[in-house]
Structures are given as C-alpha cells and as structure tokens.
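Everything on this sheet refers to the single structure shown next.
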Amino acid sequence: MEIAPGVHAVRLLSVFAFLIAEPRMTLIDTGLIGSRRRVERYVQGIGRSMDEIGQIICTHAHPDHIGAVRELAGDREVEVLMHPADLAGLSVRLRDAVANRNRGQLIAYFTRHPGEATPIEDGQVLPMLGGLEVVHTPGHTPGSVCLYARHHKLLFSGDVLQVIRRRVTFASTVFSDDMALARASVARMAALDVKTIAFSHYPPLREGANEVLRDLAARA
Ligand SMILES: [Zn+2]
C-alpha cells in the first residue's frame with residue numbers, strides 16, 4: 001500500500017514495515033524473525049529487487065521491529081541504522097534481566113541481535129525523501145526514534161503511539177520501559193507539522209494529525 005509517493009506500507013505479521021522506493025531503497029523496520037519472504041514478495045510486486053535495499057532504519061529494538069534485520073541485511077552491503085541507546089540495551093544477560101525483574105531487559109534478551117549498526121541521533125537528517133529527520137522519542141524504549149519526512153509532512157511514529165478504539169493514544173504501558181518519558185516524548189511530535197502519521201501497528205492517519213498530536217501532548 002503506497003501511503004505517500006514512493007513510500008509503501010508493507011504489512012507483515014502484526015506490524016508494518018515501510019519501504020522507501022528510491023533508486024537506493026530504504027526499509028524502516030523489518031518485522032519479526034521470518035519476515036524476509038513477505039518483504040521480498042512486496043518488493044518484487046512493485047517490480048524491484050531485494051538487492052536494491054541499501055539501508056534499514058530501525059525505529060527501536062523490539063523483536064517485531066528488528067527481528068528480521070539479519071535475514072534482510074544478511075551478507076549483503078546493507079547499512080543498519082539505530083539509536084545507540086537501544087543497540088546497547090540488546091546486550092543483556094538473562095541472569096541480569098531476571099535479577100533486575102526488568103521487562104525491557106527480558107524482551108531484549110529474546111530479541112535477535114541485528115549485528116553491527118550505524119548510530120543515529122536526535123536532529124540528524126538522513127538523505128531519504130529529501131530529508132528524513134531523526135526525532136529521539138525515548139520512553140517506549142530508551143532509543144525509540146520517530147522519523148519525519150518534512151517535505152511530505154509524513155511522520156513514522158514507531159511504537160510511540162497506539163490507536164485504541166480509533167483514538168490515538170500513548171505507547172503501550174505493558175511494553176514500554178518508562179511511561180512518563182514516553183508520554184513526554186509526544187511533545188516532540190506535536191511540535192512538527194504533520195499531515196500523515198504512519199503507525200507501526202495501525203493504518204495511517206491522514207486527517208487532523210496535528211490536532212491529534214497536540215491534544216495528546218497536552219494530556220501528557
Ligand atoms: Zn515496541
């Protein structure tokens with residue numbers, strides 16, 4: 001499904017990945033382990049080849065977002081970009097996760113490590129879509145980022161937002177590391193001029209995005 005010119009939402013198991021179909025293609029998130037076939041089918045469906053994927057940007061290091069990084073990047077020259085706070089969090093020992101009774105660390109333990117990744121940071125502008133801005137929105141995970149394509153007024157929100165009963169709301173209390181921080185991060189999104197929100201787990205929102213984000217930020 002094309003959600004903006006050259007930007008495709010690729011439906012995987014329980015999550016959308018996004019394919020930016022420029023000459024050198026970019027994938028935002030990868031889905032769970034085993035998602036390669038589905039991504040491949042989509043890529044072929046639009047007449048492109050997997051070899052044309054040059055980079056994978058990870059919104060955060062949860063298994064439904066980065067599980068398939070290795071099988072997609074694999075032995076090829078695919079650059080993986082991720083906030084260092086999440087990459088660091090993946091190297092956790094089971095013993096420590098259990099001892100700390102930390103749900104985030106347990107999730108991290110069961111997440112397939114993506115291997116090497118290039119760190120991205122708040123305010124960085126990546127070259128895709130005429131400028132894709134990294135907005136660090138910690139809380140769901142320490143290294144959660146949103147990605148903002150200013151020319152398209154398109155915001156990839158990762159898991160910083162949920163949609164429950166058709167209402168946009170804060171990140172999941174069950175799967176988030178620090179809810180107060182996650183709520184506060186919505187202010188960062190509300191400061192942007194957004195026409196379309198591309199959620200990771202729900203269809204995109206195309207109407208009233210600015211109002212929705214500002215209302216939510218006011219409730220943080
Ligand atoms: Zn998540």
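We count residues from 1, following the sequence as given. Every number for a ligand or one of its atoms is a count from 1 in the order of the listing.
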From the N, O or S atoms in His140, identify the one nearest to the Zn ion (ligand 1).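 Of the nitrogen, oxygen and sulfur atoms in His140, the Zn ion (ligand 1) lies nearest to NE2.
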Among the N, O or S atoms of His62, which one sits nearest to the Zn ion (ligand 1)?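 Of the nitrogen, oxygen and sulfur atoms in His62, the Zn ion (ligand 1) lies nearest to ND1.
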Short side-chain donor-acceptor distance under 3.5 Å, His60 and Asp86: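 Note: Asp86 and His60 side chains miss the donor-acceptor criterion.
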Angle at the Zn ion (ligand 1): provide the value between OD2 of Asp159 and NE2 of His60, rounding to 10 degrees.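 With the Zn ion (ligand 1) as the vertex, OD2 (Asp159) and NE2 (His60) sit 90° apart.
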Ion pair check, Asp122 and Arg188, cut-off under 4.0 Å: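 The answer is yes: the pair qualifies as a salt bridge.
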Evaluation steps, salt bridge (charged side-chain N to carboxylate O under 4.0 Å, His left out), between Arg150 and Glu133: CA-CA 8 Å; Arg150 192 169 289 273; Glu133 302 175 22; 2.6 Å; yes
Counting neighbours of CZ on Phe175 that are heavy atoms of other residues, nucleotides or ligands and sit closer than 6.0 Å, is the number greater than 12?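 No - once you tally the heavy atoms of other residues, nucleotides and ligands closer than 6.0 Å, there are 12 at most.
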